[in-house]
Amino acid sequence: MRVFSGIQPTGQLHIGNYLGAIRQWLELQEKEECIFCIVDLHAITIPYNFREFQDIVLKKAIEYLACGIDPEKSIIFIQSDVKEHTELAWLLGTVCPIGDLNRMTQFKDKSKRFKNSINAGLFNYPVLMASDILLYQTDLVPVGKDQGQHVELTRSIARKFNKKFGKTFKIPKLLLPKMGAKIMSLQEPKKKMSKSALSSCLFLLDEPKVIREKIMKATTDSGKKILYNPKRKPGISNLLTIYSLFSGKSIKELEKKFENKGYGDFKKSLAKVLIKSLEPIRRKRKELLNREVYIKEILKKGAKRAQVLASSTIKEAKNNMGLT
Ligand code: AMP
Ligand code: TRP
């Protein structure tokens, strides 16, 4: 099976990214052919700091490697290093109805957030994402729930293209984690944890002291019991999900463990688990920060390997469309 996923270089990684996407990647790279892409071309569709951008992209690559992406097992590269991504995006744009793009939730959200810079790139964002995926004849796309709509659109674009020009692309499948596909905000547990709301986010690189503070301040629900019930007790249910995923203990086990304890004890224990789980990532990242040349080499090598696959697909797509 070929696996492809992308992640934006801007904003700090939070435990939602880790549990929704990265953790699946780590499992998949052990048995499947994985391609991971740092999508810098997607990131520039909203206002960004172009002077610092290269550095930001490199640092993000370091974070993924620190999380455990292994360049011996997976291809990891920067999107703009493989020009076929933009080329195929143009071709796919000619079969994608604008009505479909108008319906995209992420476009609507970002248009609200960045009222003064709603550009054509932001509108076409999902077409570039479809290009990322289809270029590699991908079987599986492991992402969090919020990306489901984009993957569905990718499938629809591929089907339209194949119908019109003959079979060219594999139809990829969405892969959501069984648990953790939508980690909720620590402050407002009915909303998704999102890097746009800083205080409600637990970042992978938060210091132990900050982790403890954020968890102790996390919103809990009425009542005192530690029970999983996302409708009635969204706060504690979200924390139980996080606890379970980081500790490997089932929710049932955790409910039992904290049967006669209060929220305070539970949170203290959760903070401990998080500090212990995230410490190796922080340590590895520190180490890698001093090895820029090596990281750049990994990314260039990754791009070369990706390009071999991408150029074969684009050749076929162009050919099938009647282009030279
Ligand atoms: P983004 O930070 O939006 O580039 O997302 C990177 C990856 O993390 C995507 O696969 C998202 O679906 C996933 N993701 C983002 N936020 C969450 C969340 N709160 N819970 C689970 N997965 C998430
Ligand atoms: N849009 C995705 C996000 O915001 C990132 C992304 C870009 C992606 N291209 C992709 C994810 C291809 C999976 C496959 O998280």
Side-chain angles (χ1 to χ4, degrees), residues 2-25 28 34-46 48 56-57 60 63-64 67 69 75-80 82 85-86 88-89 92 104-107 109-110 113 121-122 124-136 138-155 157-158 172-198 200-204 230 234 238 241-242 245 306 310:
R2 190 170 284 159
V3 174
F4 183 97
S5 196
I7 202 158
Q8 308 220 31
T10 36
Q12 291 189 62
L13 290 180
H14 53 72
I15 57 169
N17 299 134
Y18 186 78
L19 299 176
I22 300 171
R23 226 172 52 105
Q24 295 200 85
W25 302 2
L28 287 162
C34 291
I35 307 175
F36 301 121
C37 181
I38 300 173
V39 295
D40 55 349
L41 297 172
H42 280 109
I44 61 174
T45 56
I46 53 174
Y48 73 105
I56 286 171
V57 173
K60 197 56 52 166
E63 277 181 48
Y64 292 130
C67 284
I69 304 261
I75 295 182
I76 175 164
F77 73 104
I78 297 171
Q79 189 185 31
S80 66
V82 179
H85 287 249
T86 39
L88 182 63
L92 297 179
M104 293 293 117
T105 316
Q106 195 173 70
F107 173 67
D109 287 351
K110 286 191 179 169
R113 258 170 65 206
L122 188 62
N124 284 318
Y125 177 115
V127 181
L128 180 60
M129 178 159 160
S131 163
D132 297 341
I133 297 168
L134 299 179
L135 259 185
Y136 298 96
T138 300
D139 295 288
L140 293 176
V141 187
V143 281
K145 205 169 179 181
D146 60 344
Q147 293 303 313
Q149 197 184 29
H150 286 157
V151 176
E152 200 38 63
L153 179 68
T154 302
R155 288 160 57 83
I157 292 175
K173 284 208 177 84
L174 169 71
L175 184 65
L176 294 179
K178 282 192 201 79
M179 240 176 115
K182 192 172 182 187
I183 296 295
M184 309 311 271
S185 150
L186 295 179
Q187 295 298 325
E188 298 169 273
K190 289 198 167 145
K191 288 191 185 159
K192 182 184 84 156
M193 182 178 284
S194 153
K195 53 194 162 201
S196 50
L198 291 182
S200 64
C201 240
L202 191 71
F203 296 111
L204 291 187
N238 188 42
T241 302
I242 296 169
L245 289 168

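All heavy atoms count here, side chains included; hydrogens, waters and symmetry mates do not. None of these values were measured; they are calculated from a predicted model. Heads up: numbering here begins at 1 and tracks the sequence. Indexing begins at 1, ligand by ligand and atom by atom, following the structure's order.
- For atom 10 (O) of ligand 1, the nearest protein heavy atom (residue, atom name, distance) is G144 N, 3.1 Å.
- Not a single heavy atom of M184 lies less than 4.0 angstrom from ligand 1.
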Check ligand 2 for N or O atoms under 3.5 Å from a protein N or O and list each pair with its distance.
unit_1: ligand 2; atom_1: 1 (N); unit_2: Y125; atom_2: OH; d: 2.6
unit_1: ligand 2; atom_1: 1 (N); unit_2: Q147; atom_2: OE1; d: 3.0
unit_1: ligand 2; atom_1: 4 (O); unit_2: Q8; atom_2: NE2; d: 3.3
unit_1: ligand 2; atom_1: 4 (O); unit_2: Y125; atom_2: OH; d: 3.0
unit_1: ligand 2; atom_1: 4 (O); unit_2: Q147; atom_2: NE2; d: 3.3
unit_1: ligand 2; atom_1: 9 (N); unit_2: D132; atom_2: OD2; d: 2.7

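- Using modelled atom types, no side-chain atom of K195 and backbone atom of F203 make a donor-acceptor pair closer than 3.5 Å.
- When the heavy atoms of N238, T241, D146, L176 are ranked by distance to atom 12 (O) of ligand 1, first place goes to D146.
- The protein non-hydrogen atom at the shortest distance from atom 16 (N) of ligand 1 is H14 CE1, 3.6 Å.
- Applying the 4.0 Å criterion to heavy atoms of K192 picks out, from ligand 1, the atoms 19 (N).
- If you look at S194 next to ligand 1, there are no close heavy atoms at all, none under 4.0 Å.
- Annotation for ligand 1: atoms under 4.0 Å from non-hydrogen atoms of G20 are 21 (C), 22 (N).
- At distances below 3.5 Å, not a single donor-acceptor pair connects side-chain atoms of T10 with backbone N or O atoms of A43.
- At least one N/O-N/O distance between K195 and ligand 1 falls below 3.5 Å.
- Defined by atom type and a distance below 3.5 Å, a donor-acceptor pair is present between the side-chain atoms of Q79 and D132.
- Atom 23 (C) of ligand 1 has as its closest protein heavy atom G16 O, 3.4 Å.
- The minimum heavy-atom distance between P234 and K190, with the atom names listed, is CG-CE, 4.1 Å.
- Between D40 and P9, the shortest heavy-atom contact is CA-CG, 3.9 Å.
- For ligand 1 and A21, the ligand atoms under 4.0 Å from any heavy atom of the residue are 7 (C), 8 (O), 10 (O).
- H42 contributes a side-chain N or O that, together with a main-chain N or O of Y125, makes up a donor-acceptor pair within less than 3.5 Å.
- P142 is listed as a side-chain neighbour of V3, based on a closest heavy-atom distance under 4.5 Å.
- When all heavy atoms are compared, the tightest approach of L88 to S131 is CB-OG, 3.4 Å.
- The shortest distance between side-chain heavy atoms of W25 and C34 does not fall below 4.5 Å.
- When all heavy atoms of Y136 and A306 are compared, the pair lying nearest together is CE2-O, 3.3 Å.
- Atom CD1 of I133 is separated from atom CZ of F4 by 7.0 Å, given to the nearest 0.5 angstrom.
- Annotation for K145: atom NZ does not count as buried by contact number, only 12 or fewer foreign heavy atoms lying within 6.0 Å.
- Atoms of ligand 1 found under 4.0 Å from any heavy atom of A181, numbered from 1 in the order shown, are 20 (N), 21 (C), 22 (N).
- Residue contacts with ligand 1: G6 is placed with no nitrogen or oxygen under 3.5 Å of a nitrogen or oxygen of the ligand (distance criterion only).
- Pairing each heavy atom of P172 with each of V141, the nearest pair is CB-CG2, 4.0 Å.
- Not one N or O of V143 is nearer than 3.5 Å to an N or O of ligand 1, by distance alone.
- Counting atoms of ligand 1 from 1 in the listed order, those under 4.0 Å from a heavy atom of G180 are 21 (C).
- Here the shortest heavy-atom pairing between A89 and V127 reads O-CG1, 3.3 Å.
- If you look at K182 next to ligand 1, the close heavy atoms, those under 4.0 Å, all belong to the backbone.
- Ring-centre distance between F107 and H150: not below the 6.0 Å cut-off.
- Of the polar atoms of N17, at least one N or O is found under 3.5 Å from an N or O of ligand 1, judged by distance alone.
- From the protein, the heavy atom lying nearest to atom 4 (O) of ligand 1 is Q8 CG, 3.3 Å.
- When only interatomic distances are considered, the shortest N/O to N/O separation between I183 and ligand 1 falls below 3.5 Å.
- K192 places no side-chain N or O within donor-acceptor distance of the main-chain N or O of G16, the cut-off being under 3.5 Å.
- An N or O contact shorter than 3.5 Å is missing between P142 and ligand 1 by distance.
- Under the 4.0 angstrom criterion for non-hydrogen atoms, G11 is not in contact with ligand 1.
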